[in-house]
Amino acid sequence: MNEHNNILTDTFGREHTYLRISLTERCNLRCTYCMPAEGIALSPKSHLMTYEEVYTIAKLFVDHGVTKIRLTGGEPLVRKDAPIILEKLASLPVELAITTNAVSVDRFVDTFKKCGIENINVSLDSLNAEKFKQITRRDYFERTFNNILLLVKEGFRVKINAVLMKDFNDNEIVDFINFTKNHPVAMRFIEFMPFDGNKWNLEKTVSYQEVMDKVHSHFEEDQIIRLQDAPNDTSKNYKIEGYKGSFAVISSVTNPFCDTCNRLRLTANGHLKNCLFSSSESDLLTPLREGKSIEPVIQKAVQAKLKMRGGMDTLEKLQNPDLHGKNRSMIAIGG
Ligand code: SAM
Ligand code: SF4
């Protein structure tokens, strides 16, 4: 254990070196699995972190050992001062990354390059324009798809996240993998997870096993290569022999990876969440604005982190709406 890291090390010895910062609760899409159709009650603007506050809090985490920061949301790029935030965070000694729906990334290519961003995660749940519209409730397929191609062309390392839902887009698994034949992208299939208001049920989740069954029934055994997962990786990685890209499954529902978790999350209103699934959060912004030290609050939150999925350590518990329904909607957490 690194002494430097102490306040970010939990009672299970997990060192938290990765901070995900949500810049906004707003979005230019309305993905059904992420937010309720009626939207969510947004925090008043005065309750959201300013760019200076984002920087101050991020710097403190970096001083305590965080080596990677990912900006997320809502859609981080709808925030008007997103370029300023990116530039300020780029001055920290940290790997900077972003997760975006790619709708407007064409306007940010130069900023990303200037800020040294190399890794970009984008969301794309279907290769079919009509289905894209159904899931996102917006008609932006072409824009999104072309922007993903643009990012690849500009040399960014692109991971494409697709949330799989049974009888909706699970018939596209092979199409998505075939997309990696000529494009050097990492395709990641995410198990649909339960959050407040997203009408989740286990039957809609396409499991890791089901994805791999599909892969094995379509490709020859010796074509399917298991890749080495990176440390703290949330995904199990594969590729098809000779394809330029790879694919992976993120299985938080059927195979959680909590033992090696190194992530903390900061919401747009400055609350620290010690786990994606935990319904408890710790307000950092109020004490920061009162001029108090926020380190004790951070330390207490990290110490309170439970071993697995915010305490929902079995599938039965995860399925209980009284438990997962207490959490925020994903759009207000920052996935
Ligand atoms: N707007 C950006 C985007 O869509 O990439 C960043 C925020 S979004 C909340 C981050 C990631 O969370 C996306 O890849 C999205 O697919 C994923 N996500 C949202 N709701 C989810 C759910 N219920 N289950 C699994 N993944 C989810
Ligand atoms: Fe917006 Fe991303 Fe949520 Fe879709 S998944 S509604 S793009 S924040």
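When a ligand or atom number is given, it counts from 1 through the structure's own listing order.
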* Does the pair N171 and K131 meet the rule for a side chain to side chain donor-acceptor pair (under 3.5 Å), with working shown? -> CA-CA 12 Å; N171 60 349; K131 274 197 199 175; 3.1 Å; yes
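At a heavy-atom distance under 4.0 Å, only side-chain atoms of F195, from C-beta outward, approach ligand 1. Using a 4.0 Å cut-off between heavy atoms, L29 makes no contact with ligand 1 at all. Only side-chain heavy atoms of T72 come within less than 4.0 Å of ligand 1; its backbone N, CA, C and O stay farther off.
Taking every non-hydrogen atom of I190 and a distance limit under 4.0 Å, the qualifying atoms of ligand 1 come out as 25 (C), 26 (N). Atoms of ligand 1 found under 4.0 Å from any heavy atom of E75 (numbered from 1 in listed order, with element): 1 (N), 2 (C).
The shortest N or O to N or O distance between N198 and ligand 1 is under 3.5 Å. Any N or O atom pair closer than 3.5 Å counts here, and P76 shares no such pair with ligand 1. Backbone and side-chain nitrogen or oxygen atoms of D125 are examined, and none is located within less than 3.5 angstrom of a nitrogen or oxygen of ligand 1.
Between Y238 and Y208, the ring planes are tilted. Angles from 30° to 60° get that label.
Around atom 3 (Fe) of ligand 2, the protein N, O or S atoms found under 2.8 Å comprise C34 SG.
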List, one per line, each side-chain donor-acceptor pair under 3.5 Å for residues 181-190, sequence neighbours excluded.
from : atom 1 : to   : atom 2 : distance (Å)
H183 : ND1    : F179 : O      : 3.0
R188 : NE     : N161 : OD1    : 3.0
R188 : NH2    : N161 : OD1    : 3.1

